[in-house]
Amino acid sequence: MRAPVLISCLFYLILLSGCKNEKKAPGIEERNEVEEITSITKPGRIEDFFDEDKAEPELYNLSAVASFYKENDYSPVWNQRELREDLYRNIENIENEGLFFEDYHGDILQELLSSLDTNSKKENTFLEILLTDAFLKLSEDLATGKLNPKDLYEIWGTPLNEIDSKELLKKAISEGDIQKALDSVRPKHIVYHDLKKALKKFKRAGIEEDSITKIPDGKLIRPGESDARIELVAKRLAELGYFKENVDSTNTNYNLKLQDAVKAFQQDHGLQVDALLGSTTIKNLNLTRRDRYHQILVNLERWRWYPRDLGEHYIIINIPHYKLSVVKNGDTIRSHRTMVGTQVRKTPVFSDEVGYIVYNPTWTIPPTIKKNDVIPGMRRDANYLRKKGLRVFDSDGNLVDPSTVDWSSSKPLSYTYRQQPGASNPLGVVKIIYPNEYMIYLHDTPSKDLFQKNARAQSSGCVRVQDALDLAKYLLSDQEKYDDEKIEEIIKSGKITEIPVTQVVKVHHFYWTVINEKDTTKFIDDIYNLDNKLWEQLKPAG
């Protein structure tokens with residue numbers, strides 16, 4: 001029985017040896033047959049560069065680069081060809097990460113490294129400094145993203161990643177390993193790696209389409225109706241591979257075959273599968289392969305914003321995919337459908353930790369609903385609160401008689417509005433709390449049928465969870481006293497019951513609109529219209 005084990009071990013050692021001996025592709029200097037230079041500049045020249053009273057427009061962070069060299073006694077750090085080649089090789093291939101060659105001095109580095117042995121002393125001093133500037137920017141962009149999400153979105157609450165790029169460069173130089181240093185700051189989550197695979201496949205297959213049919217906006221087209229745009233719909237579906245029939249240029253009727261093609265497209269893109277040709281479906285039909293390529297790029301950027309350590313045990317919610325997954329030790333152990341906030345009341349992106357579970361919860365009206373719905377409702381109808389089953393409390397927790405309130409004043413804004421437990425309570429019978437500044441939580445709902453819809457951005461910001469009772473049960477599974485019988489007893493009592501969660505479970509609300517399922521890239525509807533805005537900021541200048 002030992003022979004197979006020995007064979008496996010030998011096979012592993014051979015593979016390991018092969019990996020270690022794997023030769024890197026020739027670098028730019030080697031490809032250009034540049035004579036190897038082991039001293040590209042001197043400390044005095046570097047110090048003189050920073051003493052000159054002029055700004056260098058090519059540098060991204062003059063102060064950081066100057067500080068790095070001052071701390072290093074102005075000694076050059078790029079004298080070893082292997083270090084230069086490794087950095088440039090990463091820049092040369094950086095589009096595989098969804099970033100851009102030109103953002104890291106790509107063109108000028110290519111020029112200076114290709115003629116390193118014939119450059120002037122001034123050019124090689126500038127090359128030394130450019131390499132440092134490029135490393136600092138590249139490592140920061142890989143670690144934290146090219147853009148700052150807090151400058152782009154009001155709904156972004158996840159803390160920014162941090163990196164000391166100067167210390168990382170010092171370590172890379174001392175260890176003689178640029179690749180290892182850059183790998184240490186890249187995202188490692190499987191979704192990020194899947195997006196990189198999708199990007200590679202997309203580039204290999206080609207970003208451009210032979211023909212692109214654009215469908216104009218217009219009124220909603222229902223099944224069986226006639227519309228002049230039907231020919232264009234059929235053409236676009238054919239281009240995308242969803243309509244296999246010959247396109248009849250005379251047909252204006254939205255027939256069954258076209259409806260089936262539209263439903264298949266809707267299903268694949270996380271849209272409501274209803275065969276209705278509305279603005280959202282047409283918007284998605286009009287997106288080209290180049291648009292989808294950009295969609296992959298912006299999702300890679302978002303993953304550079306997310307925390308590197310999500311925890312060993314966590315709940316992850318992909319907002320536009322309407323999906324919640326529980327991950328433990330790298331394995332997805334359960335998934336639930338969700339409903340999330342509308343375009344007007346978006347579910348925010350943030351991370352926190354589960355604190356406790358509430359059975360038979362009351363519903364405290366969120367500030368936005370209080371301001372936009374409840375108070376205007378009372379101004380229109382004195383019975384609004386009674387009809388909705390809401391009670392009013394002052395800042396001391398005392399019950400307030402609605403008939404004594406001047407609803408036209410600003411006073412109602414200071415009150416708390418609460419719905420008691422019961423069959424009509426929109427939180428259902430359980431909510432899962434992870435205290436946060438947004439007052440967002442997971443909860444049950446009495447409207448179970450809503451989970452059958454594909455498009456489920458219908459809440460006021462909080463996340464409704466299908467089978468929320470099962471998720472709560474899982475979170476309490478390490479506490480034996482809360483078995484099925486005990487939970488049933490608590491629910492039947494109708495009493496508000498709060499139970500601390502003793503497991504450490506993180507919660508991450510993330511937003512990504514490209515997923516990889518069974519080695520197939522799937523694009524899902526950008527429900528908050530964030531992708532295109534991000535691309536406009538992310539794309540290289542010019």
Side-chain angles (χ1 to χ4, degrees), residues 24-70 72 74-143 145-147 165-166 168-170 172-173 178-179 181-182 185 297 537-542:
K24 291 180 180 176
I28 184 170
E29 294 177 43
E30 188 179 347
R31 295 197 304 264
N32 285 280
E33 299 182 346
V34 175
E35 180 185 343
E36 186 165 357
I37 302 296
T38 57
S39 179
I40 64 174
T41 190
K42 296 180 179 179
R45 292 182 191 140
I46 297 174
E47 188 170 7
D48 288 345
F49 177 90
F50 293 110
D51 283 343
E52 291 179 8
D53 187 23
K54 66 181 181 68
E56 288 292 342
E58 293 91 347
L59 294 187
Y60 289 110
N61 197 333
L62 179 61
S63 62
V65 176
S67 172
F68 172 81
Y69 281 106
K70 185 175 181 180
N72 203 49
Y74 296 100
S75 297
V77 295
W78 297 101
N79 284 333
Q80 290 184 48
R81 171 181 274 193
E82 187 177 349
L83 296 179
R84 299 189 297 264
E85 296 275 38
D86 266 1
L87 177 58
Y88 184 76
R89 190 180 286 109
N90 273 275
I91 293 170
E92 199 172 33
N93 296 313
I94 199 58
E95 289 191 13
N96 294 333
E97 299 279 341
L99 295 169
F100 308 104
F101 176 76
E102 52 265 59
D103 283 343
Y104 307 100
H105 306 305
D107 291 328
I108 191 166
L109 286 177
Q110 182 180 44
E111 181 182 338
L112 291 173
L113 287 167
S114 298
S115 57
L116 183 60
D117 53 349
T118 58
N119 290 341
S120 68
K121 292 176 181 178
K122 184 176 181 180
E123 286 173 327
N124 277 349
T125 298
F126 188 43
L127 170 61
E128 162 76 30
I129 290 161
L130 273 184
L131 286 165
T132 295
D133 191 49
F135 178 93
L136 297 183
K137 178 166 174 56
L138 178 57
S139 59
E140 287 170 3
D141 287 359
L142 286 171
K146 179 179 172 180
L147 303 171
S165 55
K166 291 190 296 180
L168 186 68
L169 177 54
K170 289 177 185 177
I173 297 298
I178 297 297
Q179 188 66 52
L182 293 175
V185 297
L297 296 182
Q537 297 292 319
L538 181 68
K539 67 183 181 182

**Message:** Measuring only between side-chain heavy atoms, which start at C-beta, is L136 closer than 4.5 Å to N61?
**Reply:** no
**Prompt:** Taking all atoms of both residues into account, what is the closest heavy-atom pair of F100 and I94, and its distance?
**Reply:** C-CG2, 3.6 Å
**Item:** Audit row: V77, L131, side-chain contact (heavy atoms from CB on, under 4.5 Å) steps and yes/no
**Value:** CA-CA 9 Å; V77 295; L131 286 165; over 6 Å; no
**Item:** Backbone of K121 reached by a side-chain donor or acceptor of T125 within 3.5 Å
**Value:** yes
**Asked** If every non-hydrogen atom of L168 is compared with every non-hydrogen atom of S139, which pair is closest and at what distance?
**Response** CD2-CB, 3.8 Å
**Message:** Is it the case that the side chains of Y104 and D141 hold a donor-acceptor pair, with the cut-off being a distance below 3.5 Å and no angle test?
**Reply:** yes
**Request:** Using the side-chain contact (heavy atoms from CB on, under 4.5 Å) rule, take L99 and L297 through it: C-alpha gap first, then chi angles, then the decisive distance, then the call.
**Result:** CA-CA 8 Å; L99 295 169; L297 296 182; over 6 Å; no
**Message:** Under a 3.5 Å threshold, yes or no: a donor from one side chain and an acceptor from the other, between E128 and Y69?
**Reply:** yes
**Request:** Identify the two heavy atoms, one from K166 and one from A64, that lie closest to each other, and give their separation to 0.1 Å.
**Result:** CD-O, 3.5 Å
**Request:** Output the distance between atom CG (N90) and atom CG (L142), rounded to the nearest 0.5 Å.
**Result:** 8.0 Å
**Spacing of CD1 belonging to I129 relative to CZ belonging to F49, to within rounding of 0.5 Å** = 4.0 Å
**Message:** Students often mix this up, so state it plainly: with edges at 30° and 60°, are the rings of F50 and Y74 parallel, tilted or perpendicular?
**Reply:** tilted
**Complete:** Taken to the nearest 0.5 Å, the spacing of D103 CG from L538 CG works out to 8.5 Å
**Asked** What is the distance from atom CG of D51 to atom CD1 of I46, rounded to the nearest 0.5 Å?
**Response** 12.0 Å
**Prompt:** Within a radius of less than 6.0 Å around CD of E102, do more than 12 heavy atoms belonging to other residues, nucleotides or ligands occur?
**Reply:** yes
**Heavy atoms of other groups near K146 NZ, more than 12 under 6.0 Å** = yes
**Complete:** Residues S165 and E140: closest non-hydrogen pair is OG-OE2, 2.8 Å
**Prompt:** Do F68 and F135 touch side chain to side chain, with heavy atoms closer than 4.5 Å?
**Reply:** no
**Message:** Within this structure, what is the CG-CD1 distance for the pair L127 and I108, rounded to the nearest 0.5 Å?
**Reply:** 9.0 Å
**Asked** Between N124 and L112, is a side-chain contact (heavy atoms from CB on, under 4.5 Å) present by the stated rule, with each step listed?
**Response** CA-CA 7 Å; N124 277 349; L112 291 173; 5.7 Å; no
**Request:** Only counting residues at least two apart or in another chain, list the ones meeting side-chain contact (heavy atoms from CB on, under 4.5 Å) with E85.
**Result:** I28, E29, E30, R81, R89
**Atom pair CD1 (I37) and CG (L113), whose distance is rounded to the nearest 0.5 Å** = 11.5 Å
**Asked** Quick one: side-chain contact (heavy atoms from CB on, under 4.5 Å) partners of S120, sequence neighbours excluded?
**Response** K122, E123
**Request:** Check whether any side-chain N or O of D133 sits under 3.5 Å from a backbone N or O of V65 as a donor-acceptor pair, and report yes or no.
**Result:** no
**Request:** Evaluate side-chain contact (heavy atoms from CB on, under 4.5 Å) for S115 paired with V34, printing each intermediate quantity in order.
**Result:** CA-CA 7 Å; S115 57; V34 175; over 6 Å; no
**Prompt:** Side chain of N79, backbone of I40: donor and acceptor closer than 3.5 Å?
**Reply:** yes
**Asked** Of all heavy-atom pairs between N32 and S114, which one has the smallest distance, and what is that distance?
**Response** ND2-OG, 3.4 Å
**Fill in**
Tightest non-hydrogen contact, residues L109 and A134, listed as CD1-CB, 4.1 Å
